[in-house]
Each structure stands twice: as C-alpha cells, then as structure tokens.
Number of protein chains: 2
Amino acid sequence: MARADTIRHAKRYPCEECPLRPLEVFRAFEKEELAFVSKFKRGELSVDKGATVLVEGAHSAHLFTVLSGWGFRYKLLPDGRRQILNYLMPGDLIGLQGSLMGEMQHSVEALSPMILCMFERDKLQELYRNHPGLAYDITWIASREERMLDENLLSVGRRTALERAAYLIAFISARASSVGLNGKKPVEIPITQQHIADTLGLSLVHTNKTIRKLADRNLVKWRDRGCEVVDVEGLLALARWEGMSEGKRPLV
Amino acid sequence: MARADTIRHAKRYPCEECPLRPLEVFRAFEKEELAFVSKFKRGELSVDKGATVLVEGAHSAHLFTVLSGWGFRYKLLPDGRRQILNYLMPGDLIGLQGSLMGEMQHSVEALSPMILCMFERDKLQELYRNHPGLAYDITWIASREERMLDENLLSVGRRTALERAAYLIAFISARASSVGLNGKKPVEIPITQQHIADTLGLSLVHTNKTIRKLADRNLVKWRDRGCEVVDVEGLLALARWEGMSEGKRPLV
DNA sequence: CGCTTACTTGAGTCTGGTCAAACGGGGTGG
DNA sequence: CCACCCCGTTTGACCAGACTCAAGTAAGCG
C-alpha cells in the first residue's frame, strides 16, 4: 500500500488566494478569520492517487482540509472486508476525529492526486479560545458529516441494490458539482466498481450487474475507471431521495 | 403517533445536583462551566415511552441532553421503510444537527420514559463565544456520534446477520453500562426485535431467527420486550469487534 | 508483447426476504 | 372473572436477491 510520501512544506496556495473560497457554496469570511486560518495552516501535503493519507489506529498530529482531488474514508474488518464510509472532496475536513479523540478509527485513501492543507492539531485549542466563529464552523462541518452518514446508513440498511446505487451516484455527483468539480458539464467520478461495492455493502459482481441496469435505463454511463452521470433527476427519483438542501457552508 | 406532551418547566434536577455528572465516565467540570450550563438549561422535558421527541423536517429551537431513559434516532423512506441510526442514553446530546443547520433530518423517539434537559438554541452562540472549553466539548460529542455511525455503517454494510446482531447488542450494552444503566448486573435493553431489525437492516423474521441463534449459543437471553446480555466477551468475539476505547468524556 | 487492472458474464448456491399462521401474555370492557 | 384483542414473538414453507466461483474480455503500461 502506498504511503503519503511527497510532502511539500512551502505554501503554494496561500489562504489569501485560496481557489476554493470564492465558490458560491462557501460562506464569506471575515478578514480576521482568514488571517487566523492562514496562520493556522502549516503547509500542504500532496499525495498520489492510491496513497493512504491516514491509517486507522494512528495518532495523527494533523488536521487537513482537502484543497483539490478526491479521496475516501473507510474501515476494515480483521478479515479484510472493507466498508467505505464517505467520500472526500475539496473543502472537506479530514482527521477531526483523530485530532479530538486521539486515535483515528478509520483510514483515508486518495482516489486521485490530492493536495491537502495541513493544520496543527495543537492550535485547535487556540482556535476555540480566540475564534468562536471558526469553532462553530468546525462543529457545523462535523454535523454535516454526521448528516451524510445518516443518509448513507439509511441507504445501506434499507434501500434495494438499485436504489442504493442510484442514491450513491446522485449523492456524489451533487457534492462534486457544488464544489465545481464538473469542469465539463457531466461530472466524471474517478472510482472503480469495487469502490461502489464497498460503499453500498454489495459484492463486486452484483454491483456490476446493478450498474448495468442503471446504464440500460440511461441514467449513467460507465467509462473506464469512472462514472458519468447522465440523468440526475432520474437517479433521485429512483432512489426516492430529495437531495441535499445545501445553502452556504463554512470552509476552514 | 404519540407526541411529547408532558412538559415541565420547573427544574427538578438542577445542574448542580446532576445525577449523571458524578459518574466515572464523565470528565470533571470547572465551577464556572457548571454555572454556565446551569444558566444555559431552560427546563426539563418529560416524555412517555413511544413519544416522538423530534420529527424529521421540523425546525427545533431546542437542544437536549438525555438525563434519563432510552431513545433512538431514525430516518424513514417515503414508503415507510425505517432505519434506526443510533440509540440515545443518558448523557447523549439530541438535536445538535437541527440547532446548527436549521432543519432536523431525522426523528427521535423514546424507548422508555425519558427526561431531557432542554437548552436554548440561541444561547449556543454565547456558549461558543464565552466558553471555548464547552464549545470544544460539543464538537467532541458530535465527533463521538460520527464515530459510532462509522462503526454502525461498517456493521450494516459488511457484517453477516449474526455478526451484526452480536455487535449491536454488545455495543448497546457497553454504552449502557458506562452510564450505569445496569442497576442489576445484566443490562436489560428495552427494545423489541423490530427495533433490532430496523437497526441492522434485516427483516423482522430473519432477525428473530438470528437472535435465536445467539440465545442458543448462550450469548443473550431474550425476554418479554427486552434483551439481557449473558456473555459480552462472546458477543465481541463473534462480531470481531474490539469494543469502544472510551476514556472520560464531556457531559453538557 | 506480456502483464496487470478493471470490467463482464454465466452458473449454481445460499443468505435473507416474504407470506402466512399461530402462540402467549397483558390489558380491558362486559 | 372471563372473553377478547393486541402486540410482540415464533415457526414453517417458499422465493428471490445477492453471493461465490469461474472464466473471459478489454484497455493501459512497461
């Protein structure tokens, strides 16, 4: 398994010129908040596709925000069965659990090359002391993650295979386009069918057959190592999902 | 569906004499923190067994901490399929998602009579401004919930029916005894098999057969409307679960 | 060109779902 | 006090969605 090895300490993307912050979805920041975040940031971590960013059981001294790229969080059973918990996209926070409670209880892997903004865990105290607004934002972000997990759990527990697949693809696609990951109109999700299987709690073979059904209905197109959404509405309807009601959200 | 109807505004359990706080699991509080929490608390809500405490879609102005009793969080699909997301026990926070993001995305129901400490959502701002330690605690609690959800998702997605049942019962039992819910030695969990089914993503019939297997192995005893744990170790081993590594935690 | 990774497809099996019926205890109204 | 009902549990028969095994294809890469 590849390890995160390409560390860059230079800040190539200073917070003041953050390419994410101007996006519609993110709420505006006070100058003073921005200044603190900039000071809070210690560097950037660049990892290759397939790299393991954080490992279950580790005591990480860091906290990250995804600046670019895709990744996912997962847990393993002792015999190797894997459950993907959620996907990570630009603007998402990584490693909060580890920072607050000491030990990571899940691992994180990159689906594409990623650039992560690195923050010092120890400075979190200072953030809470001096920047209540940012502290609130961090809780907000944790709460959002919880919400996504709730929805995922509902899906895995109670939806049929076809509904699950439709839900998952619609979900990822919605999140991706909210952070402008759809350069060209259709979002292209860089995952394999094995990832989908491990997210939905299905076998690889059955996942393949299920995706085929979605493709036959002209809802998605599967391409080499990735998935293109054709008909979001159709997916939403099939999954009986109302979509995320996302207004502005904070970016730390 | 029963609504929460028995509201008491008098504080019968002042924070200074909180019956929960002396427990081993909860970290000690500064006098000043305690004073704020006491001010933060607006009253108590008493609900009957079966009452719906919070409804998906509602905009609740309140935040609660469970003082006594059992409950659960759940989501429904439009056609009525239900997924139980997690259980609620003394010391747990309810409604944070709603308080932070406006709308509740899940419902909460009481499994037994419950007493809830009620907090004003609006005062949350003040808490974050003046009590960074408490703010930190709230994030910590949100993070803990996330952790439990991760584990649940792993279970529903990747464990077999028998493993799932073993995991769930061990999990609930561990949490219950950490807050002293085991007056008599064996914890008695006040749920029906339908609840277990809806938590594990199984049908009622299959859940029944699965629990029977656990009982045949002398791991649990099913009694009328409740479950008694006989052999925690055995359950843990069967579920291939290491248990929760819980040190002290905050109580708000 | 051979290797690897990812996707397909088919056959046969099994876990878990559905349907249906019955049981048993607690509560209630006659 | 008894009959009845309701809820939760139990059981059996049958079905189907999902799994495993196995083999084959296609694209990318050194």
Side-chain angles (χ1 to χ4, degrees), chain A residues 1-2 48-50 72 77 79-84 109-112 155-166 168-169 188-216 220-228 238, chain B residues 1-2 48-50 72 77 79-84 109 111-112 155-169 188-216 220-228 238:
Chain A
M1 201 179 290
D48 288 336
K49 170 177 160 178
F72 62 94
L77 248 16
D79 63 2
R81 281 173 284 175
R82 178 175 73 171
Q83 177 65 40
I84 293 182
E109 186 176 319
L111 276 171
S112 73
S155 204
V156 175
R158 286 304 183 205
R159 279 191 248 248
T160 66
L162 196 64
E163 289 169 346
R164 282 184 223 184
L168 178 65
I169 293 172
E188 172 108 15
I189 307 171
I191 54 179
T192 67
Q193 297 189 355
Q194 183 67 65
H195 291 119
I196 297 205
D198 286 346
T199 310
L200 302 181
L202 298 171
S203 73
L204 175 58
V205 173
H206 195 68
T207 299
N208 178 282
K209 289 167 184 169
T210 303
I211 289 175
R212 169 140 312 282
K213 283 184 196 163
L214 290 182
D216 289 345
V220 305
K221 261 198 199 102
W222 194 269
R223 6 190 55 128
D224 191 43
R225 230 150 294 219
C227 171
E228 176 189 315
L238 180 54
Chain B
M1 202 178 292
D48 288 336
K49 169 177 161 178
F72 62 94
L77 248 17
D79 62 3
R81 282 175 283 177
R82 177 175 75 169
Q83 177 66 39
I84 293 183
E109 186 176 319
L111 277 172
S112 72
S155 205
V156 175
R158 286 304 185 205
R159 279 190 247 248
T160 65
L162 195 63
E163 290 169 345
R164 280 184 223 186
Y167 159 73
L168 177 64
I169 294 173
E188 173 110 15
I189 307 171
I191 54 179
T192 68
Q193 297 188 357
Q194 184 67 66
H195 291 118
I196 297 205
D198 286 348
T199 310
L200 302 181
L202 298 171
S203 73
L204 175 59
V205 173
H206 195 70
T207 298
N208 179 281
K209 289 169 184 169
T210 303
I211 289 175
R212 169 138 314 279
K213 283 184 195 165
L214 291 181
D216 288 347
V220 305
K221 263 199 198 97
W222 195 268
R223 6 191 55 129
D224 191 42
R225 233 149 290 222
C227 171
E228 175 190 314
L238 181 54

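Proteins get letters first, then strands, A, B, ... in listed order; numbering begins at 1 in each. What's counted below: heavy atoms across the whole structure, side chains too, no hydrogens, waters or symmetry copies.
- In this structure, A:L200 places its CG atom 13 Å from C1' of D:dA18, rounding to the nearest Å.
- The heavy-atom pair separating B:L214 from B:I169 by the smallest distance is CD1-CD1, 4.1 Å.
- Nearest heavy atom pair, residue A:A166 against residue A:L238, reads CB-CD2, 3.8 Å.
- Between the CG atom of B:L111 and the C1' atom of D:dG8 there is a distance of 15 Å, given to the nearest Å.
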Give every pair of a protein N or O atom and an N or O atom of nucleotides 11-21 of chain C that lie under 3.5 Å apart, one pair per line with the distance.
from   : atom 1 : to     : atom 2 : distance (Å)
C:dG16 : OP1    : B:A161 : N      : 3.2
C:dG16 : OP2    : B:H206 : NE2    : 3.4
C:dG17 : OP1    : B:S203 : N      : 3.2
C:dG17 : OP2    : B:S203 : N      : 3.1
C:dG17 : OP2    : B:S203 : OG     : 3.1

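- Checked against salt bridge (Lys or Arg N to Asp or Glu O under 4.0 Å), B:R81 has the following partners two or more places apart in sequence or in another chain: A:E163, B:D79.
- As rounded to whole Å, 13 Å separates atom P of D:dA16 from atom NZ of A:K213.
- Pairing each heavy atom of B:R159 with each of B:R164, the nearest pair is O-NE, 2.9 Å.
- The backbone N or O of A:C227 sits nowhere less than 3.5 Å from a side-chain atom of A:E188 that would complete a donor-acceptor pair.
- Of all non-hydrogen atoms in A:K213 and A:L162, the two that sit nearest each other are CB-CD1, 3.8 Å.
- Atom-to-atom, CD of A:Q193 to C1' of C:dA6 comes out at 8 Å; the value is rounded to the nearest Å.
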Could you write nucleotides 24-30 of chain D as a row of B, S and -, 5' to 3', where a protein heavy atom under 4.0 Å of any base atom gives B, of only sugar-phosphate atoms gives S, and otherwise -? ----S--
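- As a whole-Å value, the separation of A:N208 CG from C:dG10 C1' is 12 Å.
- Sorted pairs that involve residues 200-209 of chain B and meet salt bridge (charged side-chain N to carboxylate O under 4.0 Å, His left out), not counting sequence neighbours, are lacking altogether.
- A 4.5 Å side-chain heavy-atom check between B:L77 and B:Q83 finds every atom pair outside the cut-off.
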Listed pairs under 3.5 Å, donor-acceptor, residues 200-207 of chain A side chains, sequence neighbours left out:
from   : atom 1 : to     : atom 2 : distance (Å)
A:S203 : OG     : A:H206 : N      : 3.2
A:T207 : OG1    : A:S203 : O      : 2.7

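- We find that NE2 of A:H195 is positioned 14 Å from C1' of C:dC7, with the value rounded to whole Å.
- We find that CG of B:D216 is positioned 11 Å from P of D:dT10, with the value rounded to whole Å.
- Distance CD1 (A:I196) to P (D:dA18): 15 Å, rounded to an integer number of Å.
- Put simply, A:R212 has no side-chain N or O that comes within less than 4.0 Å of OP1 or OP2 on C:dC7.
- Closest approach of A:L111 and A:F72 over heavy atoms only: CG-CD2, 3.6 Å.
- Between its opening and closing five pairs, the helix from C:dC1-D:dG30 to C:dG30-D:dC1 changes axis direction by 30°, a value rounded to 10 degrees.
- Residues B:I211 and B:I196 come closest through the heavy atom pair CD1-CD1, 3.9 Å.
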